[in-house]
Chemist: 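I'd like to ask some things about the structure below.
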Amino acid sequence: MSDLSFPPANISDVMSGQKLADRLYPLIGTKFSLTKNPRTNGSALRKIISKQLDDGRIQIADKNDFEIVPVRKKGVPKLLACLADSYIVTTGNSYNLQVWNRFPNTSNVLVRYKKDNTLIKCDDIRFILVQIDTNKQQIKTIIVATPQYIVDNFGVFGVPTMKYQLIIAETKRKEITGLFPKCLFFNDTPNMTAHTQHGDFNITDSISTSPQSGKLLPLKVIKSKVVSSLLGRKLINADTKTRGQELERLVATLLGYQVDDPLVGGYPDIPNQLLEIKVQDSPTVDLGKYSPSNPVVIDANLNITTEDVRYLIALTDKSGNIEGISLCPGNKLGDSFTFVNGTSYKCQRSIPMNFLESFSGKSVFNPKYPGNQ
DNA sequence: GCATAATGGTCTTTCGAAGG
DNA sequence: CCTTCGAAAGACCATTATGC
């Protein structure tokens, strides 16, 4: 078995799209058990695909013969030896194809061969879409497609979505849960203090009301209102998304917002208090589009940036018990935790499920699709 | 109302250090 | 030197909010 994360020895020997589809056909109808974890499913699928493709004849390049161009291999597909990457499709009306850290239908370079300067570019990478029949727990459809095909049939990949991340090291987490009280706290930035009201007061605005100078609670007050109530509390919802909203609701209520005041999406979670709220039971904190590591003005009137926005991170165990809290302005996050270097982004393209359904039971390459525009 | 952009957060993989 | 381990990094898929 070769390591398919290496580039092919010779690009001309790589299987054509049709060959890939043919080789994968035997997988149709085979068992594939979905776990409740998407990330695991995608990975499990990739292993099956790799095994099916690698008949021992795939020649990979010597490690001295090529150079990976993107920094830290970001965006290089897993099945590089086959100039492909696999994606799992389950249910819904449409499938959201999400490609990380590369622009699929461009000639941006991924690999350069040292001998002759041959290149592997983004548009050389084929998508292997594998649809799972969730009832039968079987592989149902396989579609191999080029980036150009996706663009021609379904439209361009939209603007990339940025994602910033933060790591809370296990040691740091233990440090926080060992504090008394179990809360890591830093006070507001001077920028924020300029707009906070001294002392406590009643909230009359709603969560979504834009922040008003002089009507922001000082972070110390927020601390006194929420921390002791949250510690030791259990978030009852099972799935992470609802859990996050549960905490958001809890915090809003503790701060004095009306119970029926609707939550709002976007950043930060409670705009009226310039407060972002996160639940974490794993080390990776997903900051999303905005990060204090890359200061951006969030409120031009108040001159507030992501460094001033307050972050409440509830550290929970796997069952939702709040074991510790970090409450500080964005600019302090980096003091205790580690920002992941650089930025990651993804390009997305939604594909109607009808497309996949129409090739049910087959394994095809760039198929003619009458349903397209 | 629809397609796109963004949020959600955890999981796998990688990498370098430590241990045998 | 090889293996193991933990921390860091990168990526995964689902779903919802947003803007036209």
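In this text the structure is predicted, and so the values were computed from the model without any measurement. Residue numbers start from 1 in every chain, and the chains themselves are labelled A, B, ... in the order their sequence lines are given, proteins ahead of strands. All values below come from the heavy atoms of this structure, side chains included, with hydrogens, waters and symmetry mates left out.
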Chemist: Answer yes if the side chains of A:Gln138 and A:Lys31 hold a donor-acceptor pair under 3.5 Å, and no otherwise.
Modeler: no
Chemist: Starting at the 5' end of DNA chain C and moving along, which residue's nearest nucleotide shows up first, A:Ser43 or A:Thr338?
Modeler: A:Thr338
Chemist: What does A:Lys346 touch in the nucleic acid at a heavy-atom separation under 4.0 angstrom: a base, only the sugar-phosphate, or nothing?
Modeler: base
Chemist: Map A:Asn101 and A:Thr91 onto DNA chain C by nearest heavy atom, then report which one ends up closer to the 5' terminus.
Modeler: A:Asn101
Chemist: Taking the minimum atom-to-atom distance to the side chain of A:Glu276, which one of C:dC13, B:dG8, B:dT7 wins?
Modeler: B:dG8
Chemist: Using atom CD1 of A:Ile277 as one end and atom C1' of B:dG8 as the other, report the distance to the nearest whole Å.
Modeler: 15 Å
Chemist: For the pair made of NZ in A:Lys78 and C1' in C:dC13, what is the distance, rounded to whole Å?
Modeler: 13 Å
Chemist: Find the distance A:Lys289:NZ to B:dT4:C1' and express it as a whole number of Å.
Modeler: 13 Å
Chemist: Whether the A:Asn366 and A:Thr146 side chains hold a donor-acceptor pair (N or O, under 3.5 Å, no angle test) is what I'd like checked.
Modeler: yes
Chemist: If you take atom types as modelled and just measure distance, does the side chain of A:Lys163 reach the base of B:dG8 with a donor-acceptor pair under 3.5 Å?
Modeler: yes
Chemist: Would you please say whether a donor-acceptor pair under 3.5 Å links the side chains of A:Asn191 and A:Thr189?
Modeler: no
Chemist: Assuming nearest nucleotide by heavy-atom distance, tell me which of A:Tyr290 and A:Ser350 is located more 5' along DNA chain B.
Modeler: A:Ser350
Chemist: Counting heavy atoms from C-beta on, name the nucleotide in B:dT13, B:dT7, B:dA5 closest to the side chain of A:Asn96.
Modeler: B:dA5
Chemist: Looking at the base of C:dA8, is there any donor atom on it, or on the side chain of A:Gln165, that sits under 3.5 Å from an acceptor on the other one?
Modeler: no
Chemist: Would you kindly give the NZ-to-P distance between A:Lys74 and C:dA11, to the nearest whole Å?
Modeler: 7 Å
Chemist: Below the 4.0 Å mark, does B:dT10 have OP1 or OP2 next to a side-chain nitrogen or oxygen of A:Gln280?
Modeler: yes
Chemist: Please compare A:Thr316 and A:Phe157 by the position of their nearest nucleotide in DNA chain B and report the one closer to 5'.
Modeler: A:Phe157
Chemist: Nearest to the side chain of A:Arg349, which nucleotide is it out of C:dA8, B:dT4, C:dC13?
Modeler: B:dT4
Chemist: Does A:Arg46 reach a base, just sugar-phosphate, or nothing at all? Heavy atoms under 4.0 Å.
Modeler: sugar-phosphate
Chemist: Counting the atoms with a prime plus P, OP1 and OP2 as sugar-phosphate, which does A:Lys172 contact under 4.0 Å by heavy atoms, base, sugar-phosphate, or nothing?
Modeler: nothing
Chemist: Taking 4.0 Å as the cut-off, does a side-chain nitrogen or oxygen of A:Ser94 come that near to OP1 or OP2 on B:dA3?
Modeler: no
Chemist: Which nucleotide sits closest to the side chain of A:Lys278: B:dG9, C:dA14, C:dC12?
Modeler: B:dG9
Chemist: I'd like to know if the side chain of A:Ser206 pairs up with that of A:Thr209 as donor and acceptor (distance under 3.5 Å, no hydrogens or angles considered).
Modeler: yes
Chemist: Take atom CG of A:Leu97 and atom P of B:dT4, then tell me their distance rounded to the nearest Å.
Modeler: 12 Å
Chemist: Can you check the A:Leu315 CG to B:dT10 C1' distance for me, whole Å?
Modeler: 15 Å
Chemist: Between atom CD1 in A:Ile88 and atom P in C:dA14, what is the gap in whole Å?
Modeler: 7 Å
Chemist: Of all the choices, B:dG8, B:dC15, C:dC13, which nucleotide is nearest to the side chain of A:Lys73 once you look at every atom?
Modeler: B:dC15
Chemist: Should the ring pair A:Phe355 and A:Tyr149 be called parallel, tilted or perpendicular, given that the plane angle runs from 0 to 90° and is split at 30 and 60?
Modeler: tilted
Chemist: Between A:Tyr345 and A:Phe103, what is the ring plane arrangement, given parallel below 30°, perpendicular above 60°, and tilted in between?
Modeler: parallel
Chemist: Give a yes or no on whether a donor-acceptor pair under 3.5 Å exists between the nucleobase atoms of B:dA6, that is its base, and the side chain of A:Gln348.
Modeler: yes
Chemist: Closest to the A:Ile167 side chain: B:dA6, C:dA11, C:dA9?
Modeler: C:dA9
Chemist: A:Met353 CE to C:dT15 P: how many Å, rounded?
Modeler: 10 Å
